Engineer: 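One structure follows; several queries about it will come next.
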Amino acid sequence: MTRKRQRLIGLLSAGVVLGVAATLVFQALDDTLVFFYSPTQAAERQFRPGEAIRLGGLVKVESVQHSDDSLKVWFVVTDGANDVTVTFHGILPDLFREEQGVVAEGSFLPDGTFVATEVLARHDENYMPKEVMDALREQGMLVEENGKKSY
Amino acid sequence: MAKALHRLANPARFLRIASPLLPWIAAGAAVCMGLGLWFGLVESPPDYQQGDAARIMYVHVPAAWNALAGYAGLAIASAIALVWRHPLALVAARCIAPIGACFTVIAIATGSIWGHPMWGTWWVWDARLTSVVVLLFLYLGYIALLHAFDEQETGERAATVLALIGAVNLPVIKFSVDWWNTLHQPASILRFGGPSIDPAMLLPLMLMAGGFTLLFAYLVIIRMQTELARRRVMALRRTALAMSPASDA
Amino acid sequence: MPELGAFLAMGGYGAYVWSAYAITGLILGLLVVASLRARRSMRANLDEAEQASPRRRAR
């Protein structure tokens, strides 16, 4: 019994040490674990023009403009507080639409616009049929949870 | 509590309890997955954003849940093996590992297939996807360590330690989508405020999750029966060898 | 059969949906078959070892 208790205590204390160590490591790595920066985070960090980063946020309503004669598009990525204008030349993913999450890979120009070399769509965690969504929209029931939409 | 655990840890008793359950578990898995396929592929509506591509969820999510639950089982069995030295716990851990690895591969493969049309990429190294790859390597590392030593016990001890250290990865996988910005979306089911899935889509998801879990249990029991038979063969051969006269060799 | 065609097309995502289900079915199917086969051959081994064993213990 005492040997078992000894091993149990040993295991639990090793677990605590491991947990603390892991927490510290992940805190330290926080920056590298982030897949993208929101416009606000990007503004805080003041990335140099040309520095390769990923920018993520929601596509602002009515901000998408397509070029008439090429695959070029312009749109605004927002996190509510800050906006960034993004230009992209290429094919957008199926889920790219207004008010949907996107992650753009690329870099800032000196004037603050973001040139994307790749655009990825991010979808939210809500799954429902189209009719239900339409009904919710009609009733104006589409409250954004916790006051923030996921981006 | 310890006594009850000890009784269940008796291999003969385990076989007596688990073996008759096996056909019922198999039937349950078949029924759940059959209904899940019907509701998932035919009856449920397409998603308002993702259309029919959202149906990949009904295999991706159950596989991922079971990959995580399997690792939790592996870690718990390893802890019991380490503290209470129950031989059945080591048998269970050894049998869970390859099954968990297969479920992880399914989760990664179907996720990648889902990501291409929706996200616009097969793969990114965000925190969620990366931590699931780490999970696969933990499973594979566990299996490799088991067989890395001539002495079976040495391998088991090394693998048990790896299984326990690797348990750190479980909360990282679960909460990676909340702690860091990821391309992967946050949780839909296990979250505060209840699931954000329409009931018509929740039904096939839960049926498939139940079916996958029963199939996992079925496979674990089959493999444990096999492993216990193997250990008995080894024991019989050892005694036969010890009892045979030297001239026999 | 336009209905079957539409079902297989999965709103244009047929290749993705069906390949995801096919990979899942393939891996799970192989896993079940391999596990059952391993058990069968190990039980045959066990029978053999028990036959050969000097003291035949009933199990």
Side-chain angles (χ1 to χ4, degrees), chain B residues 12 15 26 29 33 37 40-42 46 50-60 62-63 95 98-99 101-103 105-107 109-118 208 212 215-216 218-237 239-240 243-244, chain C:
Chain B
L15 290 175
M33 287 167 98
L37 283 176
L41 290 170
V42 182
Q50 306 188 40
D52 288 296
R55 297 184 199 281
I56 296 174
M57 165 171 72
Y58 306 131
V59 286
H60 172 74
C95 294
I99 308 168
C102 284
F103 277 69
V105 168
I106 293 173
T110 55
S112 179
I113 292 171
W114 194 2
H116 190 256
M118 290 299 113
M208 290 299 265
F212 273 55
L215 182 65
F216 201 113
Y218 173 79
L219 287 164
V220 171
I221 294 173
I222 298 259
R223 296 186 86 98
M224 284 180 75
Q225 288 174 329
T226 312
E227 174 65 14
L228 289 171
R230 186 182 73 87
R231 289 183 180 213
R232 231 183 109 56
V233 170
M234 305 282 274
L236 283 170
R237 290 210 177 125
T239 46
M243 287 173 76
S244 65
Chain C
M1 287 219 287
E3 223 173 85
L4 183 68
F7 175 62
L8 291 178
M10 281 285 160
Y13 294 116
Y16 295 107
V17 173
W18 295 118
S19 62
Y21 278 74
I23 285 175
T24 306
L26 187 73
I27 294 177
L28 291 182
L30 287 177
L31 190 56
V32 169
V33 169
S35 303
L36 288 174
R37 277 208 180 150
R39 185 178 70 170
R40 197 194 309 146
S41 80
M42 191 51 73
R43 281 183 169 167
N45 277 351
L46 181 57
D47 281 348
E48 205 176 288
E50 277 179 340
Q51 295 290 324
S53 162
R55 325 172 273 144
R56 286 209 212 152
R57 289 213 322 227
R59 262 264 314 119

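Values in this document were obtained by computation on a predicted structure and should not be read as measured data. Each chain gets a letter, A, B and so on, in the order its sequence line appears, and its residues count up from 1.
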Engineer: Ignoring hydrogens and geometry, is there a side-chain-to-backbone donor-acceptor pair from Asp52(B) to Tyr13(C) under 3.5 Å?
Structural biologist: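 A pair under 3.5 Å: no.
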Engineer: Do Leu46(C) and Leu236(B) pass the side-chain contact (heavy atoms from CB on, under 4.5 Å) test, and can you show the C-alpha distance, the side-chain angles, and the key distance before you say yes or no?
Structural biologist: CA-CA 9 Å; Leu46(C) 181 57; Leu236(B) 283 170; 4.0 Å; yes
Engineer: Considering only heavy atoms and a distance below 4.5 Å, find which of Ala38(C), Ala15(C), Ser35(C) pairs most often with chain B.
Structural biologist: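 Result: the option with the highest number of such pairs is Ser35(C).
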Engineer: So which heavy atom on Val17(C) is nearest to which on Ala53(B), and how close?
Structural biologist: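 Looking at all heavy atoms of both residues, the closest pair is CG2-CA, 4.1 Å.
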Engineer: Checking Leu26(C) against chain B: side chain, backbone, both or neither under 4.5 Å from a heavy atom?
Structural biologist: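 No part of it gets close to chain B.
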Engineer: Which atom names give the shortest non-hydrogen contact between Ala20(C) and Ile56(B), and what distance separates them?
Structural biologist: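 The pair with the smallest heavy-atom distance is CB-CG2, 3.9 Å.
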Engineer: Report which part of Leu219(B) has an atom under 4.5 Å of a heavy atom belonging to chain C: side chain, backbone, both, or neither.
Structural biologist: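 Contact with chain C involves the side chain of Leu219(B) alone.
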Engineer: Please report the shortest heavy-atom distance between Leu41(B) and Phe7(C), naming the atom on each side.
Structural biologist: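 Where Leu41(B) meets Phe7(C) most closely, the heavy atoms are O-CE1, 3.2 Å.
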Engineer: How many angstroms lie between OG1 in Thr226(B) and CZ in Arg37(C), if you round to the nearest 0.5 Å?
Structural biologist: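 So the OG1 of Thr226(B) and the CZ of Arg37(C) are separated by 13.5 Å.
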Engineer: I need the residue from Gly51(B), Cys102(B), Pro117(B) with the largest number of non-hydrogen atom pairs under 4.5 Å to chain C.
Structural biologist: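 Among Gly51(B), Cys102(B), Pro117(B), the one with the most close pairs to chain C is Pro117(B).
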Engineer: In sequence, state the C-alpha distance, the side-chain angles, and the governing distance for Glu48(C) and Val233(B), and then conclude on side-chain contact (heavy atoms from CB on, under 4.5 Å).
Structural biologist: CA-CA 9 Å; Glu48(C) 205 176 288; Val233(B) 170; over 6 Å; no
Engineer: Any chance you could measure Tyr16(C), atom OH, to Met118(B), atom CE, to the nearest 0.5 Å?
Structural biologist: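 Atom-to-atom, Tyr16(C):OH and Met118(B):CE are 8.5 Å apart.
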Engineer: Under a 4.5 Å heavy-atom cutoff, which of Ala9(C), Ser19(C), Gly12(C) has the most pairs with chain B?
Structural biologist: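 Answer, by heavy-atom pair count under 4.5 Å with chain B: Ser19(C).
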Engineer: To the nearest 0.5 angstrom, please state how far the OH atom of Tyr218(B) sits from the CG atom of Leu36(C).
Structural biologist: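 The distance works out to 4.5 Å.
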Engineer: Hey, which of Arg237(B), Arg55(B), His60(B) has the most heavy atom pairs under 4.5 Å with chain C?
Structural biologist: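 Counting heavy-atom pairs under 4.5 Å, the top option is Arg55(B).
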Engineer: Quick one: side-chain contact (heavy atoms from CB on, under 4.5 Å) partners of Arg230(B), sequence neighbours excluded?
Structural biologist: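 For Arg230(B), the residues satisfying side-chain contact (heavy atoms from CB on, under 4.5 Å) (neighbours in sequence not counted) are Arg94(B), Gln152(B), Glu227(B), Met234(B), Met42(C).
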Engineer: Between Val42(B), Val59(B), Thr110(B), which shows the greatest number of heavy-atom pairs under 4.5 Å with chain C?
Structural biologist: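 Highest number of pairs under 4.5 Å: Val59(B).
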Engineer: Go through the atoms of Ala229(B) and report whether side chain, backbone, both or neither lie under 4.5 Å from a heavy atom of chain C.
Structural biologist: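 Both the backbone and the side chain of Ala229(B) come within 4.5 Å of chain C.
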Engineer: Does Leu28(C) have any side-chain contact (heavy atoms from CB on, under 4.5 Å) partners at least two apart in sequence or in another chain, and if so, which?
Structural biologist: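 In terms of side-chain contact (heavy atoms from CB on, under 4.5 Å), with neighbours along the sequence ignored, Leu28(C) is linked to Met33(B), Phe103(B), Ile106(B), Phe212(B), Leu215(B), Thr24(C).
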Engineer: What part of Met57(B) is in contact with chain C, defined as an atom under 4.5 angstrom from a non-hydrogen atom: side chain, backbone, both or neither?
Structural biologist: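 Neither part; nothing is under 4.5 Å.
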Engineer: Quick check on Ile99(B) against chain C: is it the side chain, the backbone, both or neither that has a heavy atom closer than 4.5 Å?
Structural biologist: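 Ile99(B) touches chain C through backbone and side-chain heavy atoms alike.
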